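All of these numbers come straight from a predicted model, not from anything done at the bench.
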Amino acid sequence: MLTYNLEAAGHTVMPVDNGLDALTGVSSWKPDLVLLDWMMPGLSGVDLCRRLRMAAATRYLPIIMLTARGEEQDSIHALDTGADDYLVKPCGMDVLQARVRAVMRRSAGRATAATVAEGDVLTFADVTIDHGGRRVSRAGGTIALGPTEYRILLHLMRHPRRVFSRAEILAAAWDDRIHVEERTVDVHIRRLRLALNATGGADLIRTVRSSGYMLDDGQAD
């Protein structure tokens, strides 16, 4: 049913029935988006998502989890693993197709109103974004970020030392035509922090109580 409706909407769909085949298929098919169930034989959807995020070729591949697991901690775990969106079954096809369109728009960089030019390089403290190559580095070492964390960091680096509310970060990093709860921002900020601080550098993302987040190195302008 999913294949039929997605193909009717104009997508080319390559269905598989286990996680290992999906892992192999992604490498050969190079899809624009992966739609994952959680409970799959061979390799779970969460484990597959983690592996895709670890590989350079699929680090920024849009991933939507579609699963019957509806507990809050399940969605947080999936988002922490690298999923861009999380839907609980049963889910209406109109909703799913809207999420697919939205995630693909975001992955193409069309969701943010003000976008850095493709060739631009932004630097704050010891963090650098090469937007043309979608590469992030800190102190010369490469930082692996998912697409949502990349958009959040890009937005913060365009406006360093400015506090953004969760709603403002949502508006900058997510498509405004789908509903995303503000707590989702906290999940992605936490993941962004872990990636940026993995080598022991100072935490550049400051939490401003009752206000939001800002990029701050503790130095005055």
For Thr123, the side-chain contact (heavy atoms from CB on, under 4.5 Å) test, sequence neighbours excluded, returns Val121, Thr128

Who pairs with Thr58 by side-chain hydrogen bond (donor to acceptor under 3.5 Å, both in side chains), at least two apart in sequence or on another chain?
none

Non-neighbouring partners of Phe124 that pass ring pair (Phe, Tyr, Trp, His ring centres under 6.0 Å), sequence neighbours left out
none

Using modelled atom types only, decide if a donor and an acceptor are shared between the side chain of Arg138 and the backbone of Leu196 within a distance under 3.5 Å.
yes

Under the rule for salt bridge (charged side-chain N to carboxylate O under 4.0 Å, His left out), what residues qualify as partners of Asp21, not counting sequence neighbours?
none

Donor-acceptor under 3.5 Å (Arg206 side chain, Asp217 main chain):
no

Single-linkage hydrophobic cluster Val26~Met65, side-chain heavy atoms < 4.5 angstrom:
yes

Rounded at 0.5 Å granularity, tell me how far CG in Leu204 sits from CG in Leu156.
10.5 Å

Decide, yes or no, whether a salt bridge links Asp186 with Arg193 under the criterion of side-chain N to carboxylate O below 4.0 Å.
no

Short question: side chain of Arg53, backbone of Gly82 - any donor-acceptor pair under 3.5 Å?
yes

Which atom pairs, donor and acceptor, lie under 3.5 Å between side-chain atoms of residues 4-17 and protein residues at least two apart or in another chain?
unit_1, atom_1, unit_2, atom_2, d
Asn5, ND2, Met1, O, 2.8

Could you list the residues that satisfy ring pair (Phe, Tyr, Trp, His ring centres under 6.0 Å) with Tyr86, not counting sequence neighbours?
none

